[in-house]
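The structure appears right after this line, and notes come after that.
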Amino acid sequence: MRVAVVGHVEWVEFVRGDHVPAAGEIVHASECFAEPAGGGAVAAVQLARLAGGSTLFTALGTDELAERAVERLRELGVEVAAAIREGPTRRAYTFIDSNGERTITTIGERLGPRADDALDWEGLRAADAVYLTAGDIGAVRVARAARVLVASPRAGRPLAEADIGLDALVFSGDDELERAFARELDPSPAMLVATGGAAGGRYETVEGGRGEWTAASLPGPVVDAYGCGDSFAAALTYGLAAGGGPDAALELAARAGAACITGRGPYETQLTAAA
């Protein structure tokens, strides 16, 4: 299966400590490490682990972090098609507390691909499945040529203005802004997927169908929640393209989210095709 992501990358420094510092407090970190992450990167790696490879259409800065991000993502099975923008690659700091919850601070402009970038857009048009987190209106419309297109509300105004139909929109059922985006998106996606973390979630289809799913059993203790949502969305994208229907795709997605939360960082325990 040919799979791709149109989205963003952030160079993320992870810090683990007992709790997020309060104002003026000093907290000792027990561990720190860095990865290229953000929604686009995490989803691209998860798709690569399910499909045997993936392509990430993105944009990066002119700094060393961009080079390190490409090198690391290729190690993880992702072919990176990146436009280069003058300036820095976006960074982020993520604090992981003793409960595995992540708190994120982003630094710099989020970079996404544009349809006028000199990228292999023809290859994207041949994709079986695409997950979208960032891009201009033109990139959104090119992505729609894929057989299955799933998106995040983080794609924002370009997605709202592109006037294309999605196979699914995945959003947090606990986030009022994301719920409002889902309600107002026109045309309505074929499926709206509202996630609820450990509570599972619910979906509804444009034909009036409704359903729920329960969270999958964790294969180990909770370690790090970073990347669970994007791993879920990527696996859902793959599952819909595989043709098993919404319930089978959501079961696969729930397993991917559960697998991710048991590992250090977003990539250590992502769901694989073998699993």
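The first residue in the sequence is number 1, and the count goes up from there.
The aromatic rings of Phe14 and Phe33 lie parallel to each other, their planes meeting at an angle below 30°, with 60° marking the opposite boundary.
Counting heavy atoms from C-beta on, the side chains of Leu240 and Met191 come closer than 4.5 Å. Using a 4.5 Å heavy-atom threshold, the side chains of Asp117 and Phe57 count as separate. Side chains of Leu218 and Ile261 form a contact here, defined as non-hydrogen atoms less than 4.5 Å apart. In this structure, Val45 and Pro266 have side chains that are not in contact, with every pair of non-hydrogen atoms separated by 4.5 Å or more. When side chains are defined from C-beta on, Gln46 does not count as touching Asp230, because their heavy atoms never get closer than 4.5 Å. No side-chain heavy atom of Arg85 sits less than 4.5 Å from a side-chain heavy atom of Glu109. Proximity of Asp224 to Arg16: side-chain heavy atoms (C-beta onward) are separated by under 4.5 Å at one or more points. No side-chain heavy atom of Asp128 sits under 4.5 Å from any side-chain heavy atom of Tyr238.
Counting only distance, with no hydrogens or angles, the side chain of Arg141 and the backbone of Ala115 share no donor-acceptor pair below 3.5 Å. Checking side-chain atoms of Arg147 against main-chain N and O of Ala129 turns up no donor-acceptor pair under 3.5 Å. Tyr226 places a side-chain N or O within donor-acceptor distance of the main-chain N or O of Gly38, the cut-off being under 3.5 Å. In this structure a side-chain-to-backbone donor-acceptor pair under 3.5 Å is present from Asp63 to Thr89. Between the Asn99 side chain and the Glu101 main chain, no donor and acceptor come within less than 3.5 Å of each other. Side-chain atoms of Thr205 never come within 3.5 Å of backbone atoms of Ala190 as a donor-acceptor pair (strictly under, hydrogens ignored). Using modelled atom types, no side-chain atom of Arg49 and backbone atom of Ala51 make a donor-acceptor pair closer than 3.5 Å. A donor-acceptor contact shorter than 3.5 Å links the side chain of Thr62 to the backbone of Gly87.
How far OG1 of Thr58 is from CD of Glu10: 10.0 Å, rounded to the nearest 0.5 Å. Summarising the geometry, atom CD belonging to Glu161 is positioned 11.0 Å from atom CG belonging to Asp136; distances are rounded to the nearest 0.5 Å. Expressed to the nearest 0.5 Å, how far OG1 of Thr55 lies from CZ of Arg2 amounts to 10.5 Å. The structure places CZ of Arg110 at 6.5 Å from CZ of Arg90, a figure rounded to the nearest 0.5 Å. Interatomic distance, OG of Ser188 versus CZ of Arg183, reported as 12.0 Å (0.5 Å rounding). Distance check: Glu35 CD to Arg264 CZ gives 7.5 Å after rounding to the nearest 0.5 Å.
Under a 4.0 Å N-O distance rule, the pair Asp120/Arg125 does not qualify as a salt bridge. Between Glu79 and Arg74 a salt bridge is recorded (basic side-chain N to carboxylate O distance below 4.0 Å). Using a 4.0 Å cut-off between charged nitrogen and carboxylate oxygen, Glu71 and Arg68 do not count as a salt-bridge pair.
Aromatic ring centroids of Trp213 and Tyr203 lie 6.0 Å or more apart. Annotation: Phe171 is not in aromatic contact with Phe181 [ring centroid separation under 6.0 Å not met].
Taking hydrophobic clusters as Ile, Leu, Val, Met, Phe, Trp and Tyr residues chained together by side-chain heavy-atom distances below 4.5 Å, Leu250 shares a cluster with Val3. Hydrophobic clustering (side-chain heavy atoms under 4.5 Å, transitive across Ile, Leu, Val, Met, Phe, Trp, Tyr) groups Val5 together with Leu76. A single hydrophobic cluster is not seen to contain both Leu47 and Val130; linkage of ILVMFWY side chains at heavy-atom distances under 4.5 Å, directly or through other members, places them apart. In the hydrophobic clustering of ILVMFWY residues, with side-chain heavy atoms under 4.5 Å counting as a link, Tyr131 and Met1 come out together. Note on Leu132 and Phe232: separate hydrophobic clusters, where clusters join Ile, Leu, Val, Met, Phe, Trp and Tyr whose side-chain heavy atoms are under 4.5 Å apart, directly or indirectly.
Of all heavy-atom pairs spanning Val6 and Ala143, the tightest one is CG2-CB, 4.3 Å. Closest of all the heavy-atom pairs between Ala4 and Leu124 is CB-CD1, 3.8 Å. A pairwise comparison of heavy atoms in Arg255 and Ala275 identifies NH2-O, 3.1 Å as the closest pair. When all heavy atoms of Ala59 and Leu111 are compared, the pair lying nearest together is O-CB, 3.5 Å. What you find for Leu50 and Ala273 is that their closest heavy atoms are O-CB, 3.6 Å. Scanning both residues, Ala43 and Ala234, for their nearest heavy atoms gives O-CB, 3.5 Å.
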Would Leu252 and Leu271 satisfy side-chain contact (heavy atoms from CB on, under 4.5 Å), going step by step from the backbone distance to the final call?
CA-CA 9 Å; Leu252 179 68; Leu271 190 68; 3.7 Å; yes

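No more than 12 heavy atoms of other residues, nucleotides or ligands sit less than 6.0 Å from atom CZ of Arg202.
A donor and an acceptor atom, one from each side chain of Gln270 and Ser231, are located under 3.5 Å apart.
Each of Val206, Val150, Leu149 was evaluated against Leu166; a single residue qualifies, Leu149, per the side-chain contact (heavy atoms from CB on, under 4.5 Å) test.
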